[in-house]
Amino acid sequence: MAGSTYDLVVRGGLVFDGEGLIGRRNVYIRGNLIAKVTTEELGAANEVDARDMFIMPGLIDAHLHLSGIKGGSLFMGYLFDDARVRLLRAANWARELLIAGFTTVRDCGEPNSIALRNAINEGVIPGPRIIAAGAPLTQTFGHGELSHSIPLEWSIGLGFAEICDGFDECRKAARKVLRSGADFIKIMATGGVLSQRDRPEWAQFTFDEIRAIVQEAEKVGTYVAAHAHGDSGARVAVEAGVRTIEHGTLLRDETLKLMAEKSVSLTPTLAVQELIYRYGKQIGIDPWGLEKIAEVRESIANVVRRAKEYGVTIIMGTDLGFKTNLEIDMGRNWVELQLMVEVGGLGSVDALRAATSNAARMLRINAGFVREGSLADIVVINGNPIENIKDISKIINVIKDGRPKVEKSKLINY
């Protein structure tokens, strides 16, 4: 419309603004920001008709891995796949994530994520906004060593993680990943499921080691996210100043209370646990992963319920990092929201907050809201995920940075 004040209007949908329903509104966009959310009928140069639809902020997956690996064996993928081929596969995953309604993702450990982020920011490839950790930090005999049977030099050569021990090495490794362009630092504070010989309950890194890493992050205005299943390792990480706990499957009440006190969030990553439990053998998960998955999956539902009770901020993250072509897969990341309700016992509004406003606040980004001044990241849904969380899969239009990117599951050229 000639002379319009606004570049785009998303008109007439029922709006969930990131925290709650605010009724039917028109969302006016100028540039890459939301300029006005109102019942007023105003003009705009372009229009998305959302009448009889549901409008909400673009989804945020706060924990995934853009590895480009086929199948479930991370060790075999990093050992035998050409890193350049993995990068090209991951570029296609980025497109699929955008189609699925994810306008922001946080990659919690994958060197290729920095290159992908830069390419998307330059407009070379389509995809969500990427918050990239680059290579995660791990101790020797830690979760970042996917196999503990190969020579240590091979683990270093795989390039998945920075291996560091002691205060000085941890400080240097933190500086190294920040120099590579990482937006934040990811550490392995306990053992895990998909690493060979460590156990999820085993603590990794000392308080002093983690504190050194946190200090380096804080110097440049960023933060540390900690992979932590076991309670003792998670507790050390929280006391040392990390901002987010990833997984948290074996957390106890006192640690959850401390997390609430220190405003440390929890990312339960239910999707990857359910995927490995249901289909691990089928997709080629290594034997050590198949042996350990039941332990963490059994307790996470209770942890999520208690975290909510104690006031811990819960954010949405899948921990997906390989293609499966199954019901739980990269590009179907909204399954995490369904599991948060069905397994974790959250209400649908709490689940939607976990993927929007909660995640945005913890990740320190100007997204996750349908409000004036927020980034114009919006999805339009042919359904109502508050009434039925499964409707989160019925996304028909995605707007990122004020531009329609996806309509009816096809990228729009622009």
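Positions are given from 1, in the same order as the sequence printed here. What you are looking at is a predicted structure, and each value in this text was computed from that prediction instead of being measured. No hydrogens, no waters, no symmetry mates; every other heavy atom, side chains included, goes into these values.
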Undergrad: Closer than 4.0 angstrom, basic N to acidic O: yes or no for Arg129 and Asp377?
TA: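 Yes.
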
Undergrad: Looking at Lys219 and Glu216, does any basic side-chain N land under 4.0 Å from a carboxylate oxygen?
TA: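 Judged by the 4.0 Å cut-off on N to carboxylate O distance, Lys219 and Glu216 do form a salt bridge.
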
Undergrad: Assess whether a salt bridge exists between Arg371 and Asp17, defined as any Lys/Arg side-chain N lying under 4.0 Å from an Asp/Glu carboxylate O.
TA: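 Answer for the salt bridge query: yes.
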
Undergrad: Quick one: do the Glu110 and Tyr78 side chains pair a donor with an acceptor below 3.5 Å?
TA: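 Per modelled atom types, Glu110 and Tyr78 side chains form a pair under 3.5 Å.
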
Undergrad: Salt bridge or not for Arg332 and Asp329, using N-O below 4.0 Å?
TA: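 So Arg332 does not pair with Asp329 through a salt bridge.
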
Undergrad: May I ask you to decide whether Asp81 forms a salt bridge with Arg89, counting only side-chain N to carboxylate O separations under 4.0 Å?
TA: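 Salt bridge: yes.
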
Undergrad: Does a side-chain N-to-carboxylate-O contact under 4.0 Å join Arg171 and Glu209?
TA: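 No, no charged N to carboxylate O under 4.0 Å.
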
Undergrad: Testing the 3.5 Å rule here: is there a donor-acceptor pair between the side chains of Asp61 and Asn333?
TA: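 The answer is yes; a qualifying pair exists.
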
Undergrad: Going by an N to O cut-off under 4.0 Å, is there a salt bridge joining Glu246 and Arg106?
TA: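 Counted as a salt bridge, because a side-chain N and a carboxylate O are separated by less than 4.0 Å.
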
Undergrad: Thinking salt bridges, do Asp7 and Arg403 make one under a 4.0 Å N-O criterion?
TA: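 No, Asp7 and Arg403 are not salt-bridged.
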
Undergrad: So that I can tick it off, tell me whether Glu162 and Lys176 are bridged by a salt bridge, with the cut-off set at under 4.0 angstrom between side-chain N and carboxylate O.
TA: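 Yes, Lys176 and Glu162 are salt-bridged.
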
Undergrad: Applying side-chain contact (heavy atoms from CB on, under 4.5 Å) between Ile378 and each of Asn397, Ile29, Val398, report the one that passes.
TA: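 Testing Ile378 for a side-chain contact (heavy atoms from CB on, under 4.5 Å) against Asn397, Ile29, Val398 leaves exactly one candidate, Ile29.
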
Undergrad: Quick one: do Glu96 and Lys323 make a salt bridge, cutoff under 4.0 Å?
TA: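 A salt bridge is present here (some side-chain N lies under 4.0 Å from a carboxylate O).
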
Undergrad: Which class fits the ring pair His65 and Phe160: parallel under 30°, tilted 30 to 60°, perpendicular over 60°?
TA: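 His65 and Phe160: tilted rings.
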
Undergrad: Between the side chains of Gln204 and Thr190, is a donor N or O closer than 3.5 angstrom to an acceptor N or O?
TA: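 Their side chains do not contain a donor-acceptor pair, so the 3.5 Å distance test is not met.
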
Undergrad: Under the side-chain contact (heavy atoms from CB on, under 4.5 Å) test against Met259, which residue among Val238, Val242, Thr313, Thr244 passes?
TA: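 Going through Val238, Val242, Thr313, Thr244 one by one, the side-chain contact (heavy atoms from CB on, under 4.5 Å) with Met259 is satisfied by Val238 alone.
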
Undergrad: Around Lys70, counting heavy atoms of other residues, nucleotides and ligands shown, do more than 12 lie under 6.0 Å from its NZ?
TA: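 Incorrect, the count does not exceed 12.
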
Undergrad: Using a strict cut-off of less than 4.0 Å between a Lys/Arg side-chain nitrogen and an Asp/Glu carboxylate oxygen, indicate whether Lys292 and Asp198 qualify as a salt bridge.
TA: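 Salt bridge: yes.
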
Undergrad: Tell me, with the steps shown, if Asp231 and Thr255 meet side-chain hydrogen bond (donor to acceptor under 3.5 Å, both in side chains).
TA: CA-CA 7 Å; Asp231 184 75; Thr255 299; 2.8 Å; yes

Undergrad: Quiz question: by atom type and distance under 3.5 Å, do the side chains of Thr38 and Asn26 form a donor-acceptor pair?
TA: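 The answer is no; no qualifying pair exists.
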
Undergrad: Please check if the number of heavy atoms outside Asp82 that lie under 6.0 Å from its CG is greater than 12.
TA: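 Buried by this count: over 12 neighbours within 6.0 Å.
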
Undergrad: So, are Arg235 and Glu254 salt-bridged, with charged N and O less than 4.0 Å apart?
TA: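 A salt bridge is absent here (no side-chain N lies under 4.0 Å from a carboxylate O).
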
Undergrad: Check the surroundings of atom CZ in Arg252: do more than 12 heavy atoms from other residues, nucleotides or ligands lie under 6.0 Å from it?
TA: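 Counting neighbours around CZ of Arg252, 12 or fewer heavy atoms of other residues, nucleotides or ligands fall under 6.0 Å, so no.
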
Undergrad: Just by distance, no angles: are the side chains of Glu19 and Ser357 close enough, under 3.5 Å, to form a donor-acceptor pair?
TA: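 There is no such pair (donor and acceptor under 3.5 Å, judged by atom type) between the side chains of Glu19 and Ser357.
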
Undergrad: Going by heavy atoms in the side chains, are Val48 and Val9 under 4.5 Å from each other?
TA: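 A side-chain contact is absent here, since even the closest heavy-atom pair is not under 4.5 Å.
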
Undergrad: I'd like to know if Arg211 and Glu218 make a salt bridge, using a cut-off of under 4.0 Å between side-chain N and carboxylate O.
TA: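 A salt bridge links Arg211 with Glu218.
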
Undergrad: Do the ring planes of His229 and His247 sit parallel (below 30°), tilted (30 to 60°) or perpendicular (above 60°)?
TA: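 The rings of His229 and His247 lie parallel, inter-plane angle below 30°.
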
Undergrad: Atom NZ of Lys308 and atom CG of Asp350: how far apart are they, to the nearest 0.5 Å?
TA: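 Taking NZ in Lys308 and CG in Asp350, the distance rounds to 4.5 Å.
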
